[in-house]
Structures are given as structure tokens and as C-alpha cells.
Participant: 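Supplied in C-alpha cells, the structure appears directly below.
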2 protein chains.
Amino acid sequence: MSKQHKSLALIDLNADAPCCPPLAQSQVPAETAAVLAPAFKALGDPVRLRLMSMIASAEDGEACVCDLTPAFNLSGPTISHHLKTLREAGLVDAERRGTWVYYRARPQILRQLAALLSIEPVAAATA
Amino acid sequence: MSKQHKSLALIDLNADAPCCPPLAQSQVPAETAAVLAPAFKALGDPVRLRLMSMIASAEDGEACVCDLTPAFNLSGPTISHHLKTLREAGLVDAERRGTWVYYRARPQILRQLAALLSIEPVAAATA
DNA sequence: GCCCTGTCTCGACGTCCGTCGAATCAGAGA
DNA sequence: TCTCTGATTCGACGGACGTCGAGACAGGGC
């Protein structure tokens with residue numbers, strides 16, 4: 001098989017450790033920005049931000065589309081579209097169980113985004 | 001009709017303390033989402049994410065447009081437009097000193113965004 | 001098999017966004 | 001004052017986005 005140049009898989013959004021130092025500590029390289037920006041973009045819509053929160057804060061760690069949809073004054077297809085956006089941004093996972101589809105948050109990438117934004121009092125490696 | 005003015009200042013993006021609990025801890029209310037989503041949206045473009053990082057990680061805490069622009073293969077007006085977007089999202093401040101304009105990050109809102117995304121083992125007010 | 005319910009895909013529509021060049025504004029200096 | 005440089009605003013263009021209704025797909029129950 002060829003190199004499968006997925007081009008941007010340089011950064012593993014599934015890794016457990018933060019992929020990169022805080023944005024305020026060292027300049028984010030162009031490639032990293034290209035990978036992470038879509039995740040922020042996905043969170044850049046009020047509907048998706050609420051969906052993300054509803055999923056991430058759900059009781060069993062997962063939420064059914066059938067519970068998500070009625071929380072908004074939007075059509076089913078529209079909610080489905082937003083969920084797809086979150087999925088493609090790597091923020092959530094979907095699983096079908098029988099008639100229903102359940103969505104589950106991916107804590108790793110959330111952690112990475114949080115780490116990127118973090119502005120620690122910098123017990124900085126003064127090295 | 002365009003009442004869509006900044007009537008959403010319910011949440012103080014300048015506050016020092018996080019405005020709200022982590023997204024994964026309790027559901028983000030619609031009003032909060034409406035206020036914070038634009039900030040994520042502003043970071044949802046690779047150019048702006050890099051600009052934000054360049055500003056936030058700058059030596060003296062501030063960066064001159066004249067230093068920012070040449071780092072991209074984009075026209076001056078385009079960079080200016082992105083900086084305006086960051087400004088309107090409350091992520092940076094601008095100050096003119098003589099001929100040059102300097103941009104400075106607002107750590108508070110970055111902290112709030114990071115707090116919202118944080119998935120801590122919740123040393124939360126377990127008091 | 002048939003139908004019903006839940007979810008996603010498709011195509012369309014209007015709006016917003018990223019980019020540019022040209023024009024304009026703000027200071028510094030001669 | 002006039003000019004030069006740096007930065008923003010303006011107007012335009014193409015492409016992407018958010019939304020919808022109609023239709024397709026998946027599973028369960030009859």
C-alpha cells in the first residue's frame with residue numbers, strides 16, 4: 001500500500017498526551033494550525049457547542065440523537081449535519097445500536113485543545 | 001430589526017475567573033454558547049490561530065502588525081481583516097503607537113475557553 | 001412481507017467568510 | 001505643507017456554511 005499521504009496526520013488527535021505546547025508559549029506551526037483549527041471551527045457554532053456539551057456531560061458518557069434533537073428548534077437533518085461536523089472534526093464518535101444512534105465525546109482531543117489554550121502561571125522551564 | 005447588537009454581554013469575557021464550568025461537567029446554556037462560540041470560531045481559521053499564537057507568545061507580550069504580516073503569504077488587508085476578527089472576538093487588544101499598531105493577547109478569555117474545554121479529574125468544589 | 005420510526009443523505013437556497021486591489025486614514029519627517 | 005510608510009476600510013468575487021424539505025436507508029414489530 002502506498003503512503004496514504006493523509007497529509008495532515010502528523011498530529012495524532014487521539015493521543016493521550018497534549019500534542020503541542022500552549023499557544024502562548026511557542027508559536028503554533030502552520031501544519032499544527034491546519035490540523036487544530038477545524039476542531040475550533042467545529043466548536044465555533046452555538047448549536048454545535050451545546051451539542052458537544054450535551055454529549056460530553058451526558059450521564060453515561062453518551063447521548064442519543066433522539067434526546068439531542070428536541071433540545072433545539074431545528075430540523076432533524078440540520079442536527080444530523082451538525083453532528084456530522086463534530087464527527088469529522090474528531091470531537092465525537094457515533095455508534096448505532098438498533099434503531100438509535102449514540103454519540104460519545106473524545107476526551108483526548110478536548111484535552112489537547114484545552115492544553116493549547118492554557119495560560120499557566122508558567123512554572124516555566126526557564127531553561 | 002438588527003437588534004443583534006452586543007446584547008449578549010451577560011458573560012464577562014474579561015473576568016479573571018472562569019465564567020462557567022467545564023463543558024463536560026454541565027450543559028452549556030444557549031446564552032453562554034452564543035457568547036463563547038464566536039471566540040472558538042475566531043480560532044477556527046489556521047491563519048488566525050497562528051496570529052493568535054504569535055501575539056500571545058511574543059517577547060514583550062505584544063506584536064507589531066509589521067512583524068505579523070510578512071509571516072504569511074497573504075495581503076496586508078487580509079491580515080488586517082483577520083486581526084479585526086480576533087479583536088471583535090475579544091481575543092486581542094490593539095494599540096497604536098506612532099506609526100505602528102501593536103496587538104496584545106487577552107489572557108482572561110483564553111483561560112475561560114481553556115477552562116470550558118478542560119476535562120479535569122475534577123478537583124472540583126468537592127468541598 | 002409490510003409498515004413505522006429514527007437517522008442520514010441529497011439538492012437547493014440565502015447568507016457569511018476569506019481573499020484581493022484600490023482607496024483612505026494616521027503619523028513621522030523633511 | 002507635502003510626501004512617504006504603515007495600517008485599515010471599502011467593494012467585489014468565489015467558495016463555504018447553516019438551514020430546510022424530500023427522499024433514502026436501517027431496524028424493529030406486526
Side-chain angles (χ1 to χ4, degrees), chain A residues 8 30 33-52 54-55 58 62-89 91-104, chain B residues 1-6 8 30 33-34 36-52 54-55 58 62-104:
Chain A
L8 290 178
V35 176
L36 293 182
F40 284 119
K41 189 178 197 174
L43 294 176
D45 180 279
V47 173
R48 287 195 295 266
L49 193 54
R50 290 174 60 198
L51 281 170
M52 188 69 213
M54 293 175 73
I55 295 169
E62 62 183 16
C64 173
V65 175
C66 59
D67 291 328
L68 263 17
T69 304
F72 301 85
N73 281 328
L74 292 172
S75 70
T78 297
I79 296 296
S80 187
H81 159 71
H82 282 307
L83 288 172
K84 182 180 183 183
T85 301
L86 289 174
R87 232 186 307 132
E88 290 177 343
L91 289 163
V92 299
D93 258 337
E95 184 193 354
R96 163 162 239 137
R97 282 209 299 280
T99 307
W100 296 280
V101 177
Y102 295 87
Y103 280 77
R104 179 176 292 273
Chain B
M1 304 293 244
S2 50
K3 170 107 187 251
Q4 53 182 199
H5 216 309
K6 282 211 170 170
L8 287 177
L36 293 183
F40 285 119
K41 189 178 197 173
L43 294 175
D45 180 279
V47 173
R48 287 194 295 266
L49 193 54
R50 289 174 62 198
L51 280 171
M52 188 68 214
M54 293 175 74
I55 295 169
E62 62 182 15
C64 174
V65 175
C66 60
D67 290 329
L68 263 18
T69 305
F72 301 85
N73 281 328
L74 292 173
S75 70
T78 297
I79 296 297
S80 188
H81 160 71
H82 283 307
L83 288 171
K84 182 180 184 182
T85 301
L86 289 174
R87 233 186 306 132
E88 290 177 344
L91 289 163
V92 299
D93 258 337
E95 183 194 354
R96 162 161 240 138
R97 283 208 299 280
T99 306
W100 295 280
V101 177
Y102 294 88
Y103 280 76
R104 178 175 292 274

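Naming: A, B, ... by sequence-line order, numbering from 1 per chain.
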Participant: Less than 4.0 angstrom between a side-chain N/O of A/K41 and OP1 or OP2 of C/dC17, yes or no?
Facilitator: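 For C/dC17, OP1/OP2 do not have a side-chain N/O of A/K41 under 4.0 Å.
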
Participant: If every non-hydrogen atom of B/L68 is compared with every non-hydrogen atom of B/A63, which pair is closest and at what distance?
Facilitator: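 Between these two residues, the closest heavy atoms are CD1-CB, 3.8 Å.
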
Participant: Nearest-Å distance, CG (B/L86) to P (D/dT8)?
Facilitator: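 Nearest whole value for this atom pair: 12 Å.
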
Participant: Would you say a side-chain N or O of A/R96 is under 4.0 Å from OP1 or OP2 of C/dG6?
Facilitator: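 Looking at the OP1 and OP2 atoms of C/dG6, neither is under 4.0 Å from any side-chain N or O of A/R96.
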
Participant: Just how far, in rounded Å, is P of D/dA7 from CZ of B/R87?
Facilitator: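 Checked: the CZ to P distance equals 13 Å.
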
Participant: For B/T99 and C/dA28, is the shortest distance between a side-chain N/O and OP1 or OP2 below 4.0 Å?
Facilitator: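 No, outside the criterion.
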
Participant: Rounded to whole angstrom units, what separation is found between the CZ atom of A/R97 and the P atom of C/dT5?
Facilitator: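 Distance check: A/R97 CZ to C/dT5 P gives 22 Å.
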
Participant: How many whole angstroms separate atom NZ of A/K84 from atom P of D/dC20?
Facilitator: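 Answer to the nearest Å: 17 Å.
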
Participant: Heavy atoms from C-beta onward define the side chain here; which of C/dT19, D/dT19, D/dC17 lies closest to that of B/V47?
Facilitator: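 Taking heavy atoms from C-beta onward, the closest nucleotide is C/dT19.
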
Participant: Using a cut-off of less than 4.0 Å, is there contact between a side-chain N or O of B/Y103 and OP1 or OP2 of D/dA7?
Facilitator: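 No.
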
Participant: C/dT7, C/dT19, D/dG6: which one has an atom nearest the side-chain heavy atoms of A/W100?
Facilitator: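 When the side chain of A/W100 is considered, C/dT7 is the closest of C/dT7, C/dT19, D/dG6.
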
Participant: Could you tell me the separation between the CZ atom of B/F40 and the CG atom of A/D45, rounded to the nearest 0.5 Å?
Facilitator: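 CG of A/D45 is found 12.5 Å from CZ of B/F40.
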
Participant: For the pair made of NE2 in A/H82 and C1' in D/dG18, what is the distance, rounded to whole Å?
Facilitator: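 Rounding to the nearest Å, NE2 of A/H82 and C1' of D/dG18 are 6 Å apart.
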
Participant: From CZ of B/R48 over to P of C/dC16, roughly how many Å is that when rounded to an integer?
Facilitator: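 So the two atoms are 16 Å apart, to the nearest Å.
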
Participant: Using a heavy-atom cut-off of 4.0 Å across all strands, would you classify B/F72 as base, sugar-phosphate, or nothing?
Facilitator: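 Nothing, no nucleic acid heavy atom in range.
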
Participant: Taking NE2 from A/H81 and P from C/dG6, how many angstroms apart are they, rounded to a whole number?
Facilitator: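 Taking NE2 of A/H81 and P of C/dG6, I get 23 Å after rounding.
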
Participant: So which one's nearest nucleotide on DNA chain D is more toward 5', A/I79 or A/G98?
Facilitator: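 It is A/I79, whose closest nucleotide lies nearer the 5' terminus.
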
Participant: What is the distance from atom OG1 of B/T78 to atom CG of B/L83, rounded to the nearest 0.5 Å?
Facilitator: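 Interatomic distance, B/T78 OG1 to B/L83 CG, rounded to 0.5 Å: 11.0 Å.
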
Participant: If we ignore hydrogens and angles and just use 3.5 Å, is the side chain of A/R104 paired with the main-chain N or O of A/E62 as donor and acceptor?
Facilitator: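 Absent.
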
Participant: B/L83 has an atom CG; how far is it from atom P of D/dT8, in whole Å?
Facilitator: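 Atom CG in B/L83 sits about 6 Å away from atom P in D/dT8.
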
Participant: Answer yes or no: does a side-chain N or O of B/S80 lie under 4.0 Å from OP1 or OP2 of D/dA7?
Facilitator: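 B/S80 to D/dA7 OP1/OP2: no side-chain N or O under 4.0 Å.
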
Participant: In terms of side-chain heavy atoms of B/V65, which of D/dT8, D/dT19, C/dT19 is nearest?
Facilitator: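 Closest nucleotide to the B/V65 side chain: D/dT8.
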
Participant: Which nucleotide wins on minimum distance to the side chain of A/D45, given the candidates D/dG18, C/dT9, C/dG18?
Facilitator: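 Side chain of A/D45 sits closest to D/dG18.
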
Participant: With a cut-off of under 6.0 Å to the ring centre and 45° to the axis, is B/R96 in cation-pi contact with B/Y102?
Facilitator: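 No, B/R96 does not sit over the ring of B/Y102.
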
